[in-house]
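Residue indices begin at 1 and follow the sequence shown.
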Amino acid sequence: MLWGLVTAYYILSYPEIRWDWKTIKADKVYFPNNFMWGTATAAHQVEGNNTNNNWYNWEHQKDSNGSPRIHNKDKSGIAADHWNLYNNDIGLMNDLGVKYYRFSVEWSKIEPEKGVINKDALDHYRNVCTALIDSGLTPVVTLHHFTHPMWFENLGGFEKAENIKYFIQFSEIVFNRLSDIVPIWCTINEPAVYVSQGYFNGVFPPGKRDPTLAGYVMKNLLNAHVRVYRHLKTLPNGDAAQIGLVKNITQFDPLRRWHVLDWYLSQRLNDVFNNNTINLLTTGQFDFYLPTMADIYFKNDNAINALDFIGLNYYSRMHVKGHLSPTAPFTFELRPQDTQTDMPYAIYPEGFYRAVKNISKLNVPIIITENGIADDKDDRRKLFIERYLYALYKSILDGYDVRGYFYWSLIDNFEWAEGYMMKFGLYEVDFITQERKLRPGSHAFSKIVNQPGADKRGYIVSIGEKAPELLLEYTDGRKIHLSDFRGKIVVLQFTASWCSVCIQEMPHLEKDVWQRFKDDGLILIGIDRDEPLEVVQKFQKKVGTTYPIALDPGAKHFSKFAHKNSGVTRNIVIDKNGKIVFLTRLFDKEEFQNMIDKIEFLIKQ
Ligand code: BGC
């Protein structure tokens, strides 16, 4: 009985979000005009010749059964030779139309021995940044992306709090060298992934399986972020730099929604993997609790608001099955109904929306620092891109402060424990010839990147642009092209009978715009968004306006001005030359008055 109630509570509190993809036009999305579009990579995965870090060491080891650590015995080796081919790869970014590039600097190349700085390596990264800027791209630098020098690993890496100082020193050196030209900085990539893979599942170095140690390493990584953040802020350019943490969100959902154990364990995993980082950065409190496995608590008030933005990496969710076993209380299971990527991740765009919502609790701008699909056959990439970007677009429409999106990844790369088998690249790489080729599925990404953006109010047109042509059909059957009004000032009001704010605004349009300026030659036309003639006629009668109303079946006119899913009322003022000169949204008295002033000014001209 009690279990039933607890399960019912979970089911009601965390409903399964599912969208009806049959009715969604996932390729019709409009991102803000200044949205940061980019691609991302990490040093060890693409550069080549990283022979002095924890991963190099790992790639050359065998596990206790004598099996290689990496799938297919792969080694990162020369990787995609990005170290030498970065100019070529910047060209690929330009071809995509993106304007940002997130990459990581390789600590083991910059500081190969403790306290010894390789100036050439630092210069290399400066050259990469300069080349990006010269090509119109903005560099975004990650300081730690899973790899660090062997000397640091040998000292115990992030297992020891006293080692954090080495990471701070390294970060300062990089920051001092690049912060005059790099505006956005990521401190640490995905602490929770580093910890779960390296200290829980044992598939990343150092290959341990120790939940309590995992909790301590997590604590040290998060404290390292906080200290690096606070320290870089005190350096020259620190104030202006945007410095954030990169957080992977992977939701843990119950495999059996009616099973209390699946629910309970999912919630604990969500806390440990996702929520405790958010809690630390908002409240200064951190709890790492996994029943029968780990229980760690700490407090760090310095962590509160220790970030200018949050980098969100999102791929998918996991389904948790609980077991009555103290040693293996849960397993992760794939569901037959889910479309999988080549990694064991289901395609789940709704989860992307959920992740944005969850991370928004931090109350700082959100940058999607990674999202992408491993798809060797390239038969799911287009669908993935369109649906995940739709989810992101929806989150922006719903008011979440998402500023940018970095696709993972620009090129195929060394996918850690999976070696070269996973093909995440927008560009396919031939690892023998180092030739890059755009995958057909990647066009979906560049198409969205290059299409006109919408502003925060949903407009896809902006002031100064020529108004698109429309063939208007009035309720009395007359038809006229918008361009036939050239030489006159035109106001188009998008409206609808169900829209209360339209009903509020229309009497003002009637009195303060139509009655006042109609004899001066002003044209005011209401355009009713997608309603039948009879409804529009009744509506017009009800509000008592006399300016003409045109029909807009299928919101075709509307979607030439604003994104189709965005709302009415809105007014578009067009000058005598057919140029858009003023745009309103909702009925804001001050904005409305400014519009009237603008009309008056245009008429007097
Ligand atoms: C990591 C990347 C990795 C990607 C795909 C992220 O967790 O930051 O380095 O390649 O996932 O698995």
Does [X] use its side chain to pair, donor to acceptor, with the backbone of [Y] at less than 3.5 Å?
X	Y	answer
Asp63	Ser67	yes
Asp412	Gly425	yes
Trp37	Tyr405	no
Asn300	Phe286	no
Arg529	Thr569	no
Asp308	Ile243	yes
Tyr388	Tyr315	yes

Do the ring planes of His144 and Phe167 sit parallel (below 30°), tilted (30 to 60°) or perpendicular (above 60°)?
perpendicular
Thinking salt bridges, do Glu370 and Arg102 make one under a 4.0 Å N-O criterion?
yes
Answer with yes or no after comparing the ring centroid distance for Phe414 and His44 against a 6.0 Å cut-off, counting only values under it.
yes
Answer yes if the ring centres of Trp408 and His145 are under 6.0 angstrom apart, and no otherwise.
yes
Could you tell me if [X] sits above the aromatic ring of [Y], with its cationic atom closer than 6.0 Å to the ring centre and no more than 45 degrees from the axis?
X	Y	result
Lys394	Trp19	yes
Lys247	Phe273	yes
Arg403	Phe309	no

Under 3.5 Å donor-acceptor pairs involving side-chain atoms of residues 340-349, not counting sequence neighbours:
| from | atom 1 | to | atom 2 | distance (Å) |
| --- | --- | --- | --- | --- |
| Gln340 | OE1 | Ala346 | N | 3.2 |
| Thr341 | OG1 | Met343 | N | 3.3 |
| Thr341 | OG1 | Met343 | O | 2.9 |
| Thr341 | OG1 | Tyr345 | O | 3.3 |
| Asp342 | OD1 | Arg380 | NH1 | 3.2 |
| Asp342 | OD1 | Arg380 | NH2 | 2.9 |
| Asp342 | OD2 | Asp376 | N | 2.6 |
| Tyr348 | OH | Arg317 | NH1 | 3.4 |
| Tyr348 | OH | Arg354 | NH1 | 2.8 |

Evaluate the salt bridge (charged side-chain N to carboxylate O under 4.0 Å, His left out) criterion for residues Glu159 and Lys208: first the C-alpha distance (whole Å), next the side-chain angles of each, then the deciding distance (0.1 Å), finally the verdict.
CA-CA 11 Å; Glu159 288 174 24; Lys208 299 188 179 172; 2.9 Å; yes
